[in-house]
Amino acid sequence: MTVRTRFAPSPTGSLHIGGARTAIFNWLFAHHAGGSFVLRIEDTDQTRSTQESIDEILDAMEWLGLNWDEGPLRQSERLPIYREHAEKLLESGSAYKCYVTPEELQEKRKEAQERGGVFRYNRKWAEENAGPDKPYAIRLLTPDEGTIEVDDALRGRVSFDASEVDDFVILKMDGFPTYNFAVVIDDATMNITHIIRGDDHLINTPRQKLIYDALSYDVPQMAHVSMILGSDQKRLSKRHGATSVTEYRAEGYLPEAVVNYLTRLGWSYGNQEIFTMDELVEKFTLKNVGKSAAVFNPEKLEWLNSWYLRNKPPEEIAGLLVPLLKEKGIHAEVDEKLAKIVKELSQRAKTLNDIADSLNYFYSDEIIYDEKADEKFLTHEILPVLQDITRRLTSLEDFTMDSMKEEFEKVMEERELKLGKIAQPVRVALTGGTVSPGIFEVMDILGRDKVLERLEEASSHISAK
RNA sequence: GGCCCCUUCGUCUAGCCUGGCCUAGGACGUAGCCCUCUCAAGGCUAAAACACGGGUUCGAAUCCCGUAGGGGCUACCA
């Protein structure tokens, strides 16, 4: 039997970090086994599902590299299938029509709570409101006693008391299936073999098991992965910061970093931290997935992102950067210059945005001196040194890093100055600030004309002080 | 409240199944030092954990039982 996994988000928002990890696990598991990965949209909640959410989720999946082999299937387009199965259960006596309205149930639930008791649906109410044209929901007839056992790949056998499960609705009055019903029908008819999903669904499995049994379908292998928590150990939510894949993309994270981080959150492979997608596919097994909840740690994601930035070919990063720069009004293209810039700046950045934010001086015609830097380094004391350097560079035949270095060394020797003394003022003159790649690299990228122009500008700026 | 799940450094985790190799390993973060033209990167070092209490055993992070804490669910939401 070939492995088939699925990811089944409900389109009520963007792709959440937790959902993304579930998707990644399912994707990896399927690919590891040479099986297929199915995408299904659970849009049976008519009031909360939106097309925008669907688009955003699909977009985020593609960005992460999680391609699907089938789908996206939509539950809202499969209504007849659910109805058909519900009818079948009605015929076999495993389910029955219930005429109690949601409002009445709400009422009874409230009463029970006020009395301090536990609300439990009573089968006898089912027929009470019956009438020829009355709308009805369909409920599953569930056992009153015994235990319902579920085998989980991560947690072993989990058993529930049948008395905890009352006759629940499988088909709503509006003709839509409830979550538990739709999930089972879909997973069964799509021949899903392994269900990897969040811990929050563990409690649903006894209900689902009952449906599988009533329909004589095999129960897939379940694996309930723990949730991702925020720094306060509470379920990760907006107040913990960015929680959607889309936000991380906008902040300049690389998909490989996000995938790597999310996979390592709850899964491990010895002491290894960095994995390529191929390695992940090769090494991912459920056996190495942990059982306890994991706190989302933005610093570690940031570190991983910076690692990928440092190790990815500069040309590729340059390609990702161009659109970002365009938004900032910098019209760069993927050329030798940008590749050189990226090579230097990616060593010092945490995100793509960091790079985009710190290369202005390579493209602008005018540089603005940082006030403090100006005050500290562009001094009358250094003026002769700057002029000396300008003179030497002007007469330099080939403007290479080596030859520039030679000239700097001569100045250092003659004036008995350390490189630091000279490099900082030059850096301020060329970039406007005190932080940049190595000074020779900067000069090399800027090119002869700009370097000389800016050095002269700095000199006259000092003289005018 | 009831039911279910979980519990190793601040965080992600290795080790747990198949007790001794654990003086509990790695990574992020933090601190210090080195390197150094700034900032990074890199190198070295440090502080930092078996939730608690009972068993079982020659021996327990590892097995058993309790307790505590955390999380989840408790819908005609998914």
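Atom set for the values below is all heavy atoms of this structure, side chains included, hydrogens, waters and symmetry mates excluded. Lettering of chains follows the sequences in order, A, B, ..., and the numbering in each one begins at 1.
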Across all strands shown, which nucleotide pairs with B:C3 by Watson-Crick or G-U wobble geometry, both distances under 3.5 Å? B:G72
Taken to the nearest whole Å, CZ/A:R348 to C1'/B:C37 is 11 Å
Mapping A:D199 and A:Y269 to their closest nucleotides on RNA chain B, which lands nearer the 5' end? A:D199
A:T101 side chain to A:E104 main-chain N or O, any donor-acceptor pair under 3.5 Å? yes
What does A:R427 touch in the nucleic acid at a heavy-atom separation under 4.0 angstrom: a base, only the sugar-phosphate, or nothing? base
Separation of A:I368 CD1 from A:D374 CG (nearest 0.5 Å): 12.5 Å
Just checking A:Y261 against A:F296, ring centres under 6.0 Å apart? yes
Distance check, rounded to the nearest 0.5 Å: A:M412 atom CE versus A:I422 atom CD1? 6.0 Å
Nucleotide of B:C37, B:G26, B:G29 approaching A:E441 most closely (side-chain heavy atoms): B:C37
Does the plane of the ring in A:H194 sit parallel, tilted or perpendicular to the ring in A:F29? Use 30° and 60° as the thresholds. tilted
Distance between C1' atoms of B:A41 and B:C35 (Å, rounded): 11 Å
B:C21 and B:G32: how far apart are their P atoms, nearest whole angstrom? 36 Å
Is the shortest side-chain N to carboxylate O distance from A:D199 to A:R155 below 4.0 Å? yes
B:U23 - base-pair partner by Watson-Crick or wobble geometry, distances under 3.5 Å: none
Rounding to a whole Å, what distance do you find between A:L419:CG and B:U36:C1'? 10 Å
Between A:E273 and A:K300 (salt bridge meaning N to carboxylate O under 4.0 Å), is one present in this structure? yes
When the C1' atoms of B:U8 and B:C50 are considered, how many whole Å apart are they? 4 Å
Roughly how many Å is it from CD1 in A:I274 to P in B:U13, rounded to a whole number? 16 Å
What is the distance, rounded to the nearest whole Å, between atom CG of A:L345 and atom C1' of B:A41? 13 Å
What is the distance, to the nearest angstrom, from the OH atom on A:Y308 to the C1' atom on B:A40? 20 Å
Just the atom pairs and distances: protein N or O near nucleotides 44-49 of chain B's N or O, under 3.5 Å.
none

According to the interplanar angle, ranging from 0 to 90°, do the rings of A:F284 and A:F25 count as parallel (below 30°), tilted (30 to 60°) or perpendicular (above 60°)? tilted
Report each atom pair, protein N/O against N/O of nucleotides 75-78 of chain B, whose distance is under 3.5 angstrom.
unit_1: B:A75; atom_1: OP2; unit_2: A:R109; atom_2: NE; d: 3.4
unit_1: B:C76; atom_1: OP1; unit_2: A:R109; atom_2: NH2; d: 3.2
unit_1: B:C76; atom_1: O2; unit_2: A:M173; atom_2: N; d: 2.9
unit_1: B:C76; atom_1: N4; unit_2: A:V100; atom_2: O; d: 2.1
unit_1: B:C77; atom_1: OP2; unit_2: A:K172; atom_2: NZ; d: 2.8
unit_1: B:C77; atom_1: O2'; unit_2: A:D45; atom_2: OD2; d: 2.4
unit_1: B:C77; atom_1: O2'; unit_2: A:R48; atom_2: NH2; d: 3.4
unit_1: B:C77; atom_1: O2; unit_2: A:R48; atom_2: NH2; d: 3.2
unit_1: B:A78; atom_1: OP1; unit_2: A:T44; atom_2: O; d: 3.4
unit_1: B:A78; atom_1: OP1; unit_2: A:T44; atom_2: OG1; d: 2.7
unit_1: B:A78; atom_1: OP1; unit_2: A:K172; atom_2: NZ; d: 3.0
unit_1: B:A78; atom_1: OP2; unit_2: A:Y179; atom_2: N; d: 2.9
unit_1: B:A78; atom_1: O3'; unit_2: A:E42; atom_2: O; d: 3.2
unit_1: B:A78; atom_1: O3'; unit_2: A:E42; atom_2: OE1; d: 3.3
unit_1: B:A78; atom_1: O2'; unit_2: A:S10; atom_2: OG; d: 2.9
unit_1: B:A78; atom_1: N6; unit_2: A:N204; atom_2: OD1; d: 3.3
unit_1: B:A78; atom_1: N6; unit_2: A:N204; atom_2: ND2; d: 3.4

Rounded to the Å, how far apart are A:L286 CG and B:C17 C1'? 16 Å
Below 4.0 angstrom from OP1 or OP2 of B:G42, is there any side-chain N or O of A:R310? yes
Report which part of the nucleic acid A:G420 touches: base, sugar-phosphate, or nothing (heavy-atom distance under 4.0 Å, all strands). sugar-phosphate
Taking atom P in both B:G69 and B:A31, compute the distance separating them and give it to the nearest angstrom. 35 Å
Give one of base, sugar-phosphate or nothing for A:S49, where a contact means two heavy atoms less than 4.0 Å apart. nothing
For nucleotides 8-11 of chain B, tabulate all protein N/O to nucleotide N/O atom pairs closer than 3.5 Å, reporting atom names and distance.
unit_1: B:U11; atom_1: O2'; unit_2: A:N297; atom_2: ND2; d: 3.4

Residue A:V158, side-chain heavy atoms: nucleotide from B:C5, B:C6, B:C37 that is nearest: B:C5
Could you measure between the two P atoms, the one in B:C9 and the one in B:G55, and give it in whole Å? 25 Å
Does B:A31 pair with anything, Watson-Crick or G-U wobble, both distances under 3.5 Å, and if so, with which nucleotide? B:U45
Contact under 4.0 Å: A:R155 side-chain N or O vs B:G72 OP1/OP2: no
Gap separating the CZ atom of A:F275 from the CG atom of A:L304, nearest 0.5 angstrom: 10.0 Å
Spacing of CD1 belonging to A:I445 relative to CG belonging to A:L359, to within rounding of 0.5 Å: 10.0 Å
P atom, B:A60 versus B:G20: distance in rounded Å? 11 Å
Do A:R239 and A:D232 pass the side chain to side chain contact (heavy atoms under 4.5 Å, CB included) test, and can you show the C-alpha distance, the side-chain angles, and the key distance before you say yes or no? CA-CA 11 Å; A:R239 65 201 163 78; A:D232 57 357; 3.2 Å; yes
Expressed as a whole number of Å, how far does the C1' atom of B:C73 sit from that of B:U57? 40 Å
Taking the basic N atoms (NZ, or NE/NH1/NH2) and the acidic carboxylate oxygens, is any pair closer than 4.0 Å for A:E107 and A:K110? no
Determine the contact category for A:G266: base if any of its heavy atoms lies under 4.0 Å from a base atom, sugar-phosphate if only primed atoms, P, OP1 or OP2 are that close, otherwise nothing. sugar-phosphate
Whole Å only: how far is the CG atom of A:D161 from the C1' atom of B:U74? 15 Å
Can you tell me if the side-chain N/O atoms of A:S268 get under 4.0 Å from OP1 or OP2 in B:A14? yes
P atoms of B:G42 and B:G1, separation to the nearest Å: 48 Å
Should the pair A:R197-A:D187 be classified as a salt bridge under the 4.0 Å nitrogen-to-oxygen rule? no
A:N271 CG to B:G26 P: how many Å, rounded? 8 Å
Has the side chain of A:E279 got a donor or acceptor atom that lies under 3.5 Å from a matching backbone atom of A:T276? yes
Can you work out whether A:A349 or A:W267 has the more 5'-proximal nearest nucleotide on RNA chain B? A:W267
At 4.0 Å (heavy atoms only), tell me whether A:I439 reaches a base, stays on the sugar-phosphate, or touches nothing. base
Please work out if A:F176 contacts a base, only the sugar-phosphate, or nothing of the nucleic acid, heavy-atom cut-off 4.0 Å. nothing
Under 6.0 Å from the ring centre and within 45 degrees of the ring axis: does the NZ or CZ of A:K134 meet both conditions for the six-membered ring of A:Y99? no
